[in-house]
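To start, the structure under review is shown below, and the notes come after it.
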There are 2 protein chains.
Amino acid sequence: MSNISDIIEVFIKELLEDASNQSVEIQRNELASYFKCSPSQINYVLTTRFSMDRGFIVESRRGGGGCIKIAQMDIEKDRYVEGLFIEIGNSINHLKGVQIIELLHQKGIISGREKEIMNAAISDRSIQSPFDIKNEVRANILKSMMLAVYRNE
Amino acid sequence: MSNISDIIEVFIKELLEDASNQSVEIQRNELASYFKCSPSQINYVLTTRFSMDRGFIVESRRGGGGCIKIAQMDIEKDRYVEGLFIEIGNSINHLKGVQIIELLHQKGIISGREKEIMNAAISDRSIQSPFDIKNEVRANILKSMMLAVYRNE
DNA sequence: CCTCTGTTTGACTTTCTTTGACTTTAACTA
DNA sequence: TAGTTAAAGTCAAAGAAAGTCAAACAGAGG
């Protein structure tokens, strides 16, 4: 049961616990050498345990002084948004997306202008990617924006 | 995190903050020796952080008593956004997108939260199109969102 | 024993930073 | 005015991160 990935996952989550602002910065190589694993192991942990669907935002910078920033939205805290996330899943059509954004507005979670910005982002005209993946891309964008809203309440 | 470029960037921005007329003069070699880096490092910071794209104008004079003058552009809002549209065109990479959004924020056109929402929408993690159209999709999304902002001033 | 799923690794790629050797321009001085 | 010196500019190479991807590996269930 104790594979390295799980241990690293717990470690990062503890860092997040301790962090005042629910976000933490790590250095990939540093962490990897601390746990005596390969650097790409860190990427594996991030993609499998700290995905957007689980309420995490991961950003990074390469080059000298580069780092990885992990931020958390406590989805558990808000059952409502959690439900919406599940509803979105990894694919959503335009109509449903608009409905969800409207709900967020009605609940007073986002302003009118923010609603319009989000609608613009998920419109079919914006997401001009080929056929099948449109709804996947839309789902990612929408969830990502929702996380941003929640991190900036 | 702690690369010299970022530190110098912050330093210069603080100088600009303090300056009464939104412009400041530095001496390249002096600054370089203050930060114990090579002089050309200063040029690197200027080109990557104080480019015109980011709303800065940099002028300099060589030779004895030479110096570098950094000023912040103050362009009228409407013309500005128009220019950004042209700059985006039908394809834009992530870095440039972030810069443009930052500018919109600095100009007071969008709020901090709107900035985060827009950043989320154009992040590489959101736009996971497997094809080579990422930058096209990003351009469309960004322009759409900017239009939405404009319609809802 | 085989397959399926999740983990681990390493080679290779991409991005961003830092440095240094060389160039250009301006001012000063004899 | 020519020569010297004191700036800043350029560019490419080296360095320092993080990212990707496919292959090897491990363990559980059938």
Side-chain angles (χ1 to χ4, degrees), chain A residues 1-12 24-54 56-71, chain B residues 1-12 24-54 56-71 92-99 122-132 134-135 138:
Chain A
M1 179 46 10
S2 60
N3 59 55
I4 301 183
S5 291
D6 288 343
I7 294 169
I8 296 173
E9 178 189 358
V10 169
F11 181 83
I12 294 174
V24 72
E25 282 187 7
I26 58 166
Q27 288 208 276
R28 191 180 78 145
N29 291 342
E30 193 184 295
L31 203 59
S33 75
Y34 179 70
F35 285 109
K36 297 187 188 12
C37 64
S38 75
S40 53
Q41 180 87 53
I42 308 300
N43 296 85
Y44 178 72
V45 174
L46 290 176
T47 54
T48 56
R49 326 299 220 246
F50 295 86
S51 63
M52 203 157 60
D53 284 339
R54 301 190 185 204
F56 295 94
I57 299 169
V58 178
E59 293 167 327
S60 63
R61 247 177 87 187
R62 307 187 191 191
C67 67
I68 300 173
K69 183 178 166 195
I70 303 159
Chain B
M1 222 202 300
S2 59
N3 61 57
I4 300 182
S5 292
D6 287 346
I7 294 168
I8 296 173
E9 177 189 358
V10 169
F11 181 83
I12 293 175
V24 71
E25 284 188 6
I26 59 167
Q27 287 209 277
R28 191 180 79 144
N29 290 342
E30 191 185 297
L31 203 59
S33 75
Y34 178 71
F35 284 109
K36 297 187 189 11
C37 65
S38 75
S40 53
Q41 179 90 52
I42 308 300
N43 296 85
Y44 177 72
V45 173
L46 291 176
T47 54
T48 56
R49 326 296 219 249
F50 294 87
S51 62
M52 210 140 68
D53 285 354
R54 298 189 181 213
F56 294 93
I57 297 169
V58 177
E59 294 167 328
S60 63
R61 226 178 52 235
R62 306 188 192 191
C67 67
I68 300 173
K69 183 179 167 193
I70 303 158
I92 191 168
N93 67 30
H94 180 244
L95 183 60
K96 283 218 162 185
V98 170
Q99 282 171 20
I122 67 156
S123 77
D124 269 328
R125 285 197 164 74
S126 293
I127 310 173
Q128 291 216 333
S129 355
F131 303 82
D132 236 6
K134 232 179 211 177
N135 288 342
R138 186 175 359 250

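Here is how names work: the chains are called A, B, and so on, in the same order as the sequence lines, proteins then strands, and each is numbered from 1.
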(message) Please confirm whether the shortest side-chain N or O distance from N29(B) to OP1 or OP2 of dA8(D) is below 4.0 Å.
(response)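 Affirmative; the distance criterion is met.
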(request) Check whether any side-chain N or O of R61(A) sits under 4.0 Å from OP1 or OP2 of dA16(D), and answer yes or no. (result)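 Answer is no, no contact under 4.0 Å.
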(request) For the pair I57(A) and K69(A), evaluate side-chain contact (heavy atoms from CB on, under 4.5 Å) and give the outcome as yes or no after the intermediate values. (result) CA-CA 8 Å; I57(A) 299 169; K69(A) 183 178 166 195; over 6 Å; no
Euclidean distance, atom [atom1] of residue [X] to atom [atom2] of [N] [Å, nearest integer]:
X       : N       : atom1 : atom2 : result
I70(B)  : dG9(D)  : CD1   : C1'   : 15 Å
E59(A)  : dC16(C) : CD    : P     : 14 Å
R28(A)  : dC16(C) : CZ    : C1'   : 14 Å
R125(B) : dG19(D) : CZ    : C1'   : 9 Å
N43(B)  : dC22(C) : CG    : C1'   : 14 Å
N135(B) : dT15(C) : CG    : P     : 10 Å
D124(B) : dT14(C) : CG    : P     : 14 Å
I68(A)  : dA17(D) : CD1   : P     : 12 Å

I'd like to know if the side chain of [X] reaches the main chain of [Y], judged simply by a donor and an acceptor atom lying under 3.5 Å from each other, with no hydrogens or angles considered.
X       : Y      : value
R125(B) : V58(A) : yes
R54(B)  : T48(B) : yes
R28(A)  : A32(A) : no

(request) I would like to know whether L46(B) and S60(B) meet side-chain contact (heavy atoms from CB on, under 4.5 Å); could you show each step before the answer? (result) CA-CA 11 Å; L46(B) 291 176; S60(B) 63; over 6 Å; no
(message) Using the ring-ring contact (aromatic ring centres under 6.0 Å, His included) criterion, which residues pair with Y34(B)? Sequence neighbours excluded.
(response)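 Only F11(B) meet the ring-ring contact (aromatic ring centres under 6.0 Å, His included) criterion with Y34(B).
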(request) Give the minimum heavy-atom separation between R138(B) and I122(B), together with the two atoms involved. (result)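 Scanning both residues completely, I find the closest heavy atoms to be NH1-O, 2.7 Å.
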Any N/O pairs under 3.5 Å between the protein and nucleotides 5-9 of chain C? List them or say none.
from   : atom 1 : to     : atom 2 : distance (Å)
dT7(C) : OP1    : R49(A) : NH1    : 3.4
dT7(C) : OP1    : R49(A) : NH2    : 3.1
dT7(C) : OP2    : Y44(A) : OH     : 2.2
dT7(C) : OP2    : R49(A) : NH1    : 3.2
dT7(C) : O5'    : Y44(A) : OH     : 3.1
dT8(C) : OP1    : I4(A)  : N      : 3.0
dT8(C) : OP2    : S5(A)  : N      : 3.0
dT8(C) : OP2    : S5(A)  : OG     : 2.6
dT8(C) : OP2    : Q41(A) : NE2    : 2.9
dT9(C) : OP2    : Q41(A) : OE1    : 3.3

(message) What's G63(A) touching, base or sugar-phosphate or nothing? Going by heavy atoms closer than 4.0 Å.
(response)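 Result for G63(A) = base.
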(message) Let me confirm one number: the CD1-CD distance from I42(B) to E30(B), rounded to the nearest 0.5 Å.
(response)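 If we round to the nearest 0.5 Å, I42(B):CD1 and E30(B):CD are 10.5 Å apart.
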(request) Check whether any side-chain heavy atom of I12(A) lies under 4.5 Å from a side-chain heavy atom of L31(A), and answer yes or no. (result)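 Yes; the side chains approach each other to less than 4.5 Å.
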Report each atom pair, protein N/O against N/O of nucleotides 28-30 of chain C, whose distance is under 3.5 angstrom.
none

